Structure formats: structure tokens, C-alpha cells
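Heads up: the structure comes next, in C-alpha cells.
Below, read A as the first sequence line, B as the second, and so on, with proteins coming before strands; counting in each chain starts at 1. Remember, it's a predicted structure, so these values are computed and weren't measured experimentally.
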Protein chains: 2
Amino acid sequence: MTRQVDMSHGAGGRAMARLIDDLFRAALDNPALARGHDAALLDLPPGRVVMSTDSFVISPLFFPGGDIGSLAVHGTVNDIAMGGGVPQALTAGFILEEGFPLADLERIVASMAKAARAAGVSIVSGDTKVVERGKGDGVFINTTGIGVVPDGVTIDPAQAQVGDAVLVSGTLGDHGVAIMASREGLEFGTDLTSDAASLNHMVAAMLRVAPDMRVLRDPTRGGLAAAVNEIAQASGVGIELDEATLPLRPEVRGACELLGLDPLNVANEGKLLAICPPARAEALLQVMQADPLGRDAAIIGRVIDDPRCFVRMRTGLGGARMVDWIAGEQLPRIC
Amino acid sequence: MTRQVDMSHGAGGRAMARLIDDLFRAALDNPALARGHDAALLDLPPGRVVMSTDSFVISPLFFPGGDIGSLAVHGTVNDIAMGGGVPQALTAGFILEEGFPLADLERIVASMAKAARAAGVSIVSGDTKVVERGKGDGVFINTTGIGVVPDGVTIDPAQAQVGDAVLVSGTLGDHGVAIMASREGLEFGTDLTSDAASLNHMVAAMLRVAPDMRVLRDPTRGGLAAAVNEIAQASGVGIELDEATLPLRPEVRGACELLGLDPLNVANEGKLLAICPPARAEALLQVMQADPLGRDAAIIGRVIDDPRCFVRMRTGLGGARMVDWIAGEQLPRIC
């Protein structure tokens with residue numbers, strides 16, 4: 001019989017201790033976790049601390065290009081990096097549904113461990129809860145991270161200034177379309193996979209050439225459209241994008257047409273939006289393109305004066321259209 | 001019609017932004033959250049950092065003495081305090097089930113805000129996800145916290161030494177029995193409520209009189225029995241408890257007899273176990289008893305030499321019995 005999660009795995013007794021020792025501690029091995037205290041003790045380098053949290057409820061749990069475990073690491077590493085922080089430590093909280101196969105949990109934890117090693121962070125503290133069959137959906141994971149911001153760096157969505165350049169690190173909408181395709185059993189192309197990845201190493205290189213970076217943002221739920229609108233409002237500016245410059249895979253374009261989606265509203269999990277002083281834009285672009293995760297990076301627009309804080313897009317024929325964020329549900333449980 | 005959570009509240013668009021602004025940001029008001037960045041920027045005092053995470057899946061969501069919101073604050077504040085840390089900041093991650101009444105969510109968030117204010121911590125970053133009806137259970141909350149450990153303090157479950165005194169801050173099993181009673185609709189007494197509370201202020205006072213404290217632990221899931229067994233194993237010692245000294249409410253004793261539970265296995269959410277050098281025990285006891293949350297504190301045992309790391313209890317008539325931790329499920333979803 002397949003070994004499964006049962007209610008005892010969350011009850012604080014021996015079964016839970018064994019699960020933590022055999023599965024979590026073995027895979028995520030690091031000194032803080034090995035101590036077995038509820039709270040992990042960390043030695044942080046000096047500097048301001050950034051802290052961010054994300055819960056992951058993605059469906060399906062395994063998808064082309066990743067799984068809920070790797071995604072949970074990438075997502076929080078990226079939130080820290082978008083705050084200008086060098087990620088130091090993550091925590092992981094699991095909510096397991098009774099009956100979930102332990103082999104799947106093992107695969108997910110191994111995938112978290114691999115993603116954390118690649119990003120250079122440790123998972124220092126964890127928690128496991130179990131809910132009855134039908135009260136959860138396999139596994140939900142919360143990751144929370146802390147990072148330290150280097151001296152001289154201040155990244156803030158309210159810092160965009162008129163004239164600044166707007167860059168994106170690569171093709172848009174890959175994650176959302178890959179998840180939709182895998183959920184619906186659709187085939188849009190052979191290599192359509194999620195872009196989920198940790199961007200902290202690329203951000204470190206970017207901050208070396210542009211320490212005066214104004215804004216960094218990962219356009220996850222709500223896509224690029226939500227991210228640029230939030231920044232425009234926070235900074236009290238307008239943003240103008242050039243449609244022709246937006247990196248877009250042909251298969252994502254095709255899938256969005258078929259599904260009635262605007263790729264600007266579709267989630268990314270391994271892309272970032274950067275806003276910097278115009279004089280830095282070319283150097284920044286080169287650094288981004290030199291990183292495998294930024295190969296398709298492009299300058300896609302500029303910050304303009306607009307008291308209404310509108311985002312507009314210049315289209316092919318000299319026209320323009322508004323870039324709005326979605327009002328309601330578009331792609332549920334995409335992360 | 002009652003306003004409810006719908007899938008759009010987790011989709012990254014306008015409905016989610018409005019929920020965050022109207023409900024979370026309004027209740028949890030603080031500068032880090034107000035900035036609206038995914039990552040919160042913190043200025044921490046110097047010192048070693050402790051970090052801890054907990055997900056809360058308690059059922060029912062509202063219970064005598066608290067609710068999932070206040071519990072989520074107390075639980076993580078206590079984990080930080082048990083690591084010797086002065087709590088600085090919490091994050092909150094919500095997994096909401098479609099159809100959950102917004103009025104209940106509002107009540108829970110207000111309760112979190114109140115608990116956080118009382119503990120002196122800010123909730124600096126949050127996240128909201130929504131799952132379809134039948135894929136969750138109302139609301140699950142993850143809280144993750146960081147704290148700073150004062151110089152000279154080192155708390156560790158591996159530090160118990162032969163001869164040390166073992167103290168507990170009050171009556172045992174109140175939380176678990178109150179939840180069971182409320183779940184089953186049983187009546188065991190008029191004032192049987194959860195003990196859930198943040199213990200950080202009491203811990204600060206305790207560390208002032210006993211900076212050489214060895215171990216602090218909140219006996220949550222698995223109860224006192226799991227906590228003392230974990231400490232005995234981590235420290236490579238035995239522990240001997242005196243049954244006559246264990247603080248226990250008569251109604252909890254009665255309820256445990258009726259339900260077939262051992263109060264030593266039942267969860268507490270506002271109690272701590274302290275292990276200190278014997279010369280500190282009396283002074284520590286006085287400080288604990290001077291705090292309303294430690295009124296019923298008692299010295300309950302001592303650390304003994306035992307290479308098998310057993311925990312035993314001296315019973316009334318000069319006898320002794322083993323204190324074991326539970327192997328399987330006892331009280332599911334107690335926190």
C-alpha cells in the first residue's frame with residue numbers, strides 16, 4: 001500500500017517527529033534545522049532586513065517546469081530580491097491533506113531543497129499540520145523569507161520618476177499559460193514550460209551596475225499589467241509601454257488568443273520588471289541579457305508625467321490603448 | 001446577502017487589492033504594511049535573530065478564549081520568545097475558502113491586530129490566497145516571526161543539566177480541553193476557556209532574573225509530555241516530575257477522565273516550561289507568579305542523570321510512572 005499522510009503526522013507525537021526527521025530534516029539539512037528548536041537562530045550580516053511571506057496553493061502540484069515545492073522557494077526568494085534584499089533564510093509551513101501520498105511529499109521537499117541550494121538560502125524552520133480528507137487539497141505550502149539589503153540600495157515601488165526606463169527580464173505569461181495548459185490537458189507547443197526561477201543572483205548583478213535602481217517587481221498574479229499599474233499609482237506617475245518591444249513566445253501568444261486571455265494579465269514566476277534612471281538602461285540590459293534567466297530581456301517603455309497614473313501601450317500602427325488590471329478572477333490557483 | 005470570499009479575492013486584480021486595503025491594511029495599520037511592497041523593510045536592533053513559522057488549522061475557528069487569528073499571533077510570538085528572542089515582526093499568510101463570510105474574516109483580522117498590539121509586534125507583510133469551495137476549510141493562517149536575542153542569552157533545548165529545576169507557568173491542558181469541549185458541544189464548567197496568550201512579556205521579566213536560563217518551551221501539540229521528552233533527548237538527560245505539583249484545573253482533570261485523555265498530552269497555548277539552574281528556581285517562580293499569565297506557576301521537577309533519557313513521574317504514594325509521548329493522533333486540529 002502507498003504510504004500516506006494520516007492525522008497522526010500533525011498531532012505533535014512520535015509520528016510527526018519521525019516525519020520531520022526522516023523527510024524534512026534529511027532533505028533540507030542545515031545547522032539551524034538540525035538543532036530541532038521551534039525557532040531557528042541566525043547570524044545575519046549587518047544591514048536593513050526585508051521580510052516577505054507567500055502561501056502557495058497551485059493546482060496541479062506538479063507542472064511542466066516545476067512543482068509547488070520549487071515554486072514556493074522561487075516565489076519568496078524573488079519577493080526578497082525585489083525588495084533589494086540578499087536572501088538569507090526561509091521558513092516552510094506545510095498544510096497536508098490526510099491521504100496525501102508520502103512519496104509525492106518527498107518529491108516536493110526534495111525539489112524545495114534543490115531550489116534553495118541553487119538560490120543560496122537555507123530553510124531554517126518548518127511546521128507541519130494535517131487536515132482531514134476533503135478539508136484541504138493535497139498540500140499547501142507557506143514560505144517566508146528574510147534578506148539583508150546592501151548599504152546604498154533602496155528599492156521601492158513609489159520611486160519611479162518621469163523619464164525612467166522600464167525593463168522586463170524576459171518573455172511574458174509563460175507560467176500562467178503552462179499551468180492552464182497542464183490543467184486543461186491542452187498542448188500548445190513542445191517546450192511550453194513554467195518560467196519559475198529564483199532571480200536573486202541576477203538581481204545582485206543588476207544592482208552592481210545600477211545601485212540607484214528605483215523599482216524591482218516580479219509580475220506574478222495579475223501579470224505585468226497589475227505590476228505596472230501598482231507602480232504607477234504608488235509613484236504618482238504614468239507609464240507608457242511599446243507593444244512591439246514586449247517579449248512574448250509565439251506559443252504563449254497563440255494560447256492566449258485561444259483561451260481569451262491577455263498575456264499582460266497572465267502570471268510570471270521567473271521574470272522581473274525593473275525601473276531605473278534612463279542613463280543606466282543600456283548597461284542594465286546587457287547585464288540582464290548575460291544571465292540565462294534574462295536572455296530575452298528588453299527595454300519596454302518609460303515613465304511619463306500623468307497625474308491620473310494611467311498605463312498606456314503604444315501599438316503597432318501609431319495607436320495607443322490603456323493597460324488595465326483585471327477586475328475579477330482570471331486564472332485561479334496559479335501560485 | 002452576506003458578503004463572501006470569492007475566487008477573485010485571490011487573483012491578483014482589483015478585488016484582491018481592495019480586500020487588502022479595506023480589511024487587512026486598515027486593521028493591521030503599520031508603516032511597513034502601508035508601503036504596499038511585497039517585502040517589508042525592517043530596522044532591527046543589533047543581535048542574533050531568531051525566526052519561526054507556524055500554520056494554524058484549528059477547528060472551530062472561534063472558540064472560548066480566542067479564535068484562529070489571536071492564536072496565530074500568540075503561537076508565533078511564543079515560539080520566538082522560547083528561542084530567547086524579543087519578537088519584532090510577524091508576517092501573515094491567509095488561505096481562504098471560497099464562500100467564507102467576509103464578516104468572519106474581518107473579526108479574525110481584528111483579533112490578530114489586537115493580539116499583536118498587546119504583544120508589541122507589528123504584522124509587516126501578508127499574503128492572501130483563495131481556494132475553491134471544498135478545497136479548504138474556512139481559513140488557514142500562517143504566521144512567521146522574527147525576534148532579536150539579547151546579548152548574553154542562549155536558550156536551547158540541548159542545554160538542560162543534571163540538577164536543574166523544571167518549572168511550568170500554569171495549569172496544564174486548558175487549551176486542548178476547551179477546544180474539544182467546544183467542538184463536541186460539551187459543558188465541563190463555566191470558565192473553561194483556552195489559555196492562548198502571548199508570553200513574551202513574562203519571558204522578558206524571567207530573563208532579567210535568570211539570564212542563564214537553559215531551556216524555554218511552550219508545550220503546544222503533544223502537551224507537556226512531548227515537550228519534556230524532546231528536551232530530555234536533546235540534552236541527553238532524564239527528567240523527574242512530581243505529580244502533586246502539577247497545576248491542573250479540576251474541570252480539566254474531570255474532562256480528561258471523561259474523554260480518556262492524559263492532561264500531560266493535551267495542548268497548551270499560553271503556558272511555558274522553563275529549565276534553569278537550581279539556584280535561580282525560587283526567584284524565577286516569584287517573577288512568574290507576579291505575572292497574570294503565570295499566577296499558577298510551579299516548580300514541577302528536576303533534571304536527573306539518565307543515559308536512556310527517560311521522563312518519569314513520582315506519584316502520590318511513593319510510586320513512579322513513565323511519562324511517554326503519544327504515538328499517534330490524539331486531538332486533531334488543536335492549533
Max heavy-atom pairs within cutoff under 4.5 Å with chain B, candidates A:Glu97, A:His9, A:Met82, A:Glu132, goes to A:Glu132
Best-contacting candidate, B:Asp6, B:Thr144, B:Ile80, against chain A by heavy atom pairs under 4.5 angstrom:
B:Thr144
Between A:Ile155, A:Asn78, A:Asn142, A:Val130, the one whose heavy-atom pairs under 4.5 Å with chain B are most numerous:
A:Asn142
For B:Leu224 and B:Lys271, run side chain to side chain contact (heavy atoms under 4.5 Å, CB included): C-alpha distance rounded to whole Å, both residues' side-chain angles, the deciding distance at 0.1 Å, then the answer.
CA-CA 10 Å; B:Leu224 184 79; B:Lys271 298 290 155 45; over 6 Å; no
Check step by step if side chain to side chain contact (heavy atoms under 4.5 Å, CB included) holds for B:Met112 and B:Ile141.
CA-CA 11 Å; B:Met112 292 187 82; B:Ile141 302 179; 4.2 Å; yes
Establish, yes or no, whether the cationic atom of B:Lys129 lies under 6.0 Å from the six-membered ring centre of A:Phe140 and within 45° of the ring axis.
no
What do the steps show when you test A:Leu42 against A:Ile146 for side chain to side chain contact (heavy atoms under 4.5 Å, CB included), and what is the final call?
CA-CA 11 Å; A:Leu42 308 172; A:Ile146 58 173; 3.7 Å; yes
Minimum heavy-atom separation for B:Thr76 to B:Ser52, with atom names?
CG2-O, 3.9 Å
Part of A:Ile58 lying under 4.5 Å from any heavy atom of chain B:
neither
If you count heavy-atom pairs under 4.5 Å between each of A:Ala17, A:Ser125, A:Pro46 and chain B, which one has the most?
A:Ser125
Of the listed A:Asp137, A:Val49, A:Thr91, the one with the largest count of heavy-atom pairs under 4.5 Å with chain B is A:Val49
Residue part contacting chain B, namely of A:Leu44, when any heavy atom lies under 4.5 Å:
side chain
Portion of B:Leu216 that has a non-hydrogen atom of chain A nearer than 4.5 angstrom
backbone
Can you check salt bridge (charged side-chain N to carboxylate O under 4.0 Å, His left out) on A:Arg217 and A:Asp79, steps first, answer last?
CA-CA 8 Å; A:Arg217 191 86 168 198; A:Asp79 280 345; over 6 Å; no
Will you find, in the side chains of A:Ser198 and A:Asn200, an N or O donor that is under 3.5 Å from an N or O acceptor?
no
I need the residue from B:Ala40, B:Gly93, B:Gly222 with the largest number of non-hydrogen atom pairs under 4.5 Å to chain A.
B:Ala40
Chain B contacts, top residue of A:Asp43, A:Thr128, A:Val124 (heavy-atom pairs, under 4.5 Å):
A:Thr128
Between A:Thr220 and A:Asp218, is there a side-chain donor-acceptor contact under 3.5 Å, judged purely by atom types and distance?
no
Less than 4.5 Å to any heavy atom of chain A: does that hold for the side chain of B:Ala234, its backbone, both, or neither?
neither
Residue among B:Asp156, B:Val149, B:Ile334 with most heavy-atom pairs under 4.5 Å to chain A:
B:Asp156
Most contact-rich option vs chain B, by heavy-atom pairs under 4.5 angstrom, among A:Ser59, A:Ala89, A:Gly147, A:Ser55, is A:Ser55
Of the backbone (N, CA, C, O) and the side chain (C-beta and beyond), which part of A:Asp324 lies under 4.5 Å from a heavy atom of chain B, both, or neither?
side chain
Under 4.5 Å from any heavy atom of chain B - which part of A:Ile95:
side chain
Do the side chains of A:Gln4 and A:Phe100 get nearer than 4.5 Å, heavy atoms only?
no
Is there a donor-acceptor contact under 3.5 Å from the side chain of A:Asn268 to the main chain of A:Pro219?
yes
